[in-house]
Amino acid sequence: MADDRKLPLRAEDFSAWYNEVVLRAELADYSPVRGCMVIRPDGYGIWERMQRALDDMFKATGHRNAYFPLFIPQSFLQKEAEHVEGFAPETAVVTHGGGKELEEPLVVRPTSETIIYAMFAKWVQSYRDLPLLINQWANVVRWEMRTRLFLRTLEFLWQEGHTAHATHDDAEAEARRMLGVYRTFMEEWMAMPVITGLKTDSERFAGAVRTFSCEAMMQDNKALQAGTSHNLGQNFARAFGVTFQAESGENEYAWNTSWGVSTRLIGGLVMTHGDDRGLRVPPRLAPTEIVIVPIWKSDEERARVLEAAERIRTALGGARRVHIDARDTMKPGAKYYEWELRGVPLRLELGPRDLDRQQAVVVRRDTGEKAAVPLGDLPARLGDLLDSVQAAMLDAARTRREANSIRGGVTYDRFREIMDGDGAFVYAGWCGDAACEAAVKEETRATIRVLPDPEFRSATAPEHCLKCGRAATTEAVWAKAY
RNA sequence: CGGGACGUAGCGCAGUCCGGUAGCGCACCUGAAUGGGGUUCAGGGGGUCGCGGGUUCAAAUCCCGCCGUCCCGACCA
């Protein structure tokens with residue numbers, strides 16, 4: 001990371017910067033298995049924070065965790081026509097076990113709808129068993145042609161929620177509700193603003209009736225699909241016989257939803273908040289919120305500042321995740337650079353001169369602002385600062401996204417220029433024609449990321465389709481995507 | 001699977017055109033001094049130069065083949 005480099009960067013430069021940050025901040029590493037990534041402790045620490053926050057939110061919405069098999073009989077995947085078509089090309093298949101060829105090959109799960117709804121069929125008998133709200137934390141495998149650290153690896157970690165409901169409307173409400181949970185998490189924890197809405201048919205999950213998604217803008221103006229939530233209708237219930245007896249006495253198929261977010265979120269975090277000095281992690285997500293760098297010249301001073309650092313940690317009452325960097329093999333300046341690379345939100349510099357003045361120097365990672373704070377004020381001030389960093393990061397990301405969004409008034413020629421150039425979220429009218437959508441993708445590489453929910457739509461609805469000029473049926477957000 | 005770049009120490013690279021038995025920076029180890037934004041000095045360890053074959057007295061270097069990685073596409077969370 002050269003000091004003169006300034007984000008946002010474009011295309012190849014941004015990719016190179018991203019890889020460099022992920023590797024140098026020790027979030028992940030390449031593994032001996034091509035396309036598979038090793039998540040290192042620093043990266044996993046962020047994932048654990050994400051897991052905890054999401055899991056708490058799922059518990060609050062009444063979901064319970066369970067675990068289903070890694071292996072799925074190949075025939076299960078084939079029971080839902082669209083699903084098998086969508087996933088068969090990217091599955092890893094186990095053909096041998098115990099030295100013998102298996103009678104039926106086992107697919108390493110690319111997603112768990114099939115095996116989970118096979119079990120739901122046993123568990124659901126009555127409308128009284130519904131809704132059934134299950135979540136699973138697991139790894140899945142998808143044999144992608146090209147991989148990218150965190151964004152697209154052959155194996156990845158995720159959570160997948162699976163639910164069964166008595167009515168279509170209940171399922172629709174559930175899919176919507178969990179999309180909202182994702183949005184809250186992404187904005188309030190990750191400080192990553194998203195556009196929510198509906199996917200077009202071409203981007204819909206294989207087997208779903210409707211797919212909703214959260215789309216975030218990275219610093220190269222590309223879109224990242226950060227989370228999806230699907231209304232599966234009765235497609236899987238019919239395929240796996242998930243039926244229940246309704247209050248009326250009739251036997252009916254259940255209505256399902258599924259929704260998931262993955263370790264891709266870590267990639268999104270880096271590409272949303274990283275800067276020339278490395279990573280920036282929002283306070284609520286940071287495994288370490290505050291790092292104290294003690295400064296000393298003699299053993300006597302060392303003992304004095306370390307003791308003071310411990311007192312500060314104690315004063316914070318265990319409410320804050322604090323690390324005291326007492327390494328005596330590194331000078332303070334070197335430590336500053338290292339913690340900046342790792343993205344710790346607040347740094348507290350504490351030396352003999354500070355102690356003489358009963359103060360500490362607090363430095364924000366997001367803005368680089370420095371301030372001397374009286375020791376007695378630290379607990380309150382640090383709390384305020386962390387809140388302020390969290391809010392400022394979300395605000396900055398949202399401002400950047402809006403600065404790179406174009407709402408209406410774009411000709412198709414101009415649109416092509418934008419997609420050839422810096423890229424943007426372009427809000428444009430869409431006539432609902434899949435052929436038109438495909439033609440735009442062919443010509444510009446841009447796709448409809450999402451048909452935005454009302455609150456994200458432009459004030460004046462577009463009247464005509466960007467490409468073919470026909471009357472628009474809805475507004476679409478176009479962008480190049482990861 | 002197409003198009004480009006590349007493969008030399010843990011990491012990043014030079015050396016390849018013009019063949020002569022391997023080097024630099026960082027990291028690592030030892031010692032001393034240092035310590036408010038990447039410490040300094042001295043000493044040290046570590047490489048069958050991606051793999052296989054060929055040419056040659058001699059190959060990291062030239063020739064042929066293979067493998068792998070990264071980036072750009074096709075596929076996708």
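Note that the coordinates shown come from a computational prediction; the quantities given were computed from them, not determined experimentally. All chains are named by letter (A, B, ...) in the order of the sequence lines, taking the proteins before the strands, and each is independently numbered beginning at 1.
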What's the closest nucleotide to the [X] side chain, out of [options]?
| X | options | value |
| --- | --- | --- |
| A:K441 | B:G37, B:C75, B:G35 | B:C75 |
| A:Y336 | B:G37, B:C75, B:G35 | B:G37 |
| A:N19 | B:G35, B:C71, B:G38 | B:C71 |

Provide, to the nearest angstrom, the distance between the [atom1] atom belonging to [X] and the [atom2] atom belonging to [N].
| X | N | atom1 | atom2 | result |
| --- | --- | --- | --- | --- |
| A:D299 | B:U34 | CG | C1' | 13 Å |
| A:W17 | B:G12 | CH2 | P | 19 Å |
| A:L341 | B:G38 | CG | P | 16 Å |
| A:E349 | B:G38 | CD | C1' | 14 Å |
| A:D220 | B:C71 | CG | P | 13 Å |
| A:F87 | B:C75 | CZ | C1' | 12 Å |
| A:W296 | B:U34 | CH2 | C1' | 13 Å |
| A:E203 | B:C75 | CD | C1' | 12 Å |

Is [Y] paired with [X] through a side-chain N to carboxylate O contact shorter than 4.0 Å?
| X | Y | result |
| --- | --- | --- |
| A:R313 | A:E310 | yes |
| A:E340 | A:R280 | no |
| A:D325 | A:R327 | yes |
| A:E48 | A:R52 | no |

Residues A:T196 and A:D453: side-chain donor-acceptor under 3.5 angstrom: yes
Expected list for residues 359-371 of chain A near RNA chain B, using heavy atoms below 4.0 Å, is A:V361, A:K370
So which nucleotide does [N] pair with, by the Watson-Crick or G-U wobble rule with both distances under 3.5 Å?
| N | result |
| --- | --- |
| B:G12 | B:C24 |
| B:U61 | none |
| B:U30 | B:A42 |
| B:C66 | B:G50 |
| B:U55 | none |
| B:C1 | B:G73 |
| B:G35 | none |

Would you kindly check whether a donor in the side chain of [X] faces an acceptor in the base of [N], or vice versa, at under 3.5 angstrom?
| X | N | answer |
| --- | --- | --- |
| A:R347 | B:G37 | yes |
| A:E340 | B:G37 | yes |
| A:D328 | B:G35 | no |

Please state the [atom1] separation for the pair [N] and [M] - nearest whole angstrom.
| N | M | atom1 | value |
| --- | --- | --- | --- |
| B:G47 | B:U56 | P | 32 Å |
| B:A58 | B:G73 | P | 48 Å |
| B:U55 | B:G10 | P | 32 Å |
| B:C67 | B:C51 | C1' | 7 Å |
| B:G4 | B:G19 | C1' | 29 Å |
| B:C6 | B:C13 | C1' | 12 Å |
| B:G50 | B:U16 | C1' | 16 Å |
| B:G38 | B:C26 | P | 15 Å |

Tell me, please, which residues at least two apart from A:W296 pass ring pair (Phe, Tyr, Trp, His ring centres under 6.0 Å). none
Report yes if a side-chain nitrogen or oxygen of A:K335 is closer than 4.0 Å to either non-bridging phosphate oxygen (OP1 or OP2) of B:G37; otherwise report no. no
For A:R353 and A:Y30, find the nucleotide of RNA chain B closest to each by heavy atoms; which residue's nucleotide sits nearer the 5' end? A:R353
Between A:P352 and A:L151, which is nearer to the 5' end of RNA chain B once each is assigned its nearest nucleotide? A:P352
I need the A:R183 CZ to A:M186 CE distance, nearest 0.5 Å. 11.0 Å
Please work out if [X] contacts a base, only the sugar-phosphate, or nothing of the nucleic acid, heavy-atom cut-off 4.0 Å.
| X | answer |
| --- | --- |
| A:Q225 | sugar-phosphate |
| A:S262 | base |
| A:T211 | nothing |

Does the plane of the ring in [X] sit parallel, tilted or perpendicular to the ring in [Y]? Use 30° and 60° as the thresholds.
| X | Y | value |
| --- | --- | --- |
| A:F205 | A:H230 | parallel |
| A:F68 | A:F120 | perpendicular |
| A:F156 | A:W158 | perpendicular |

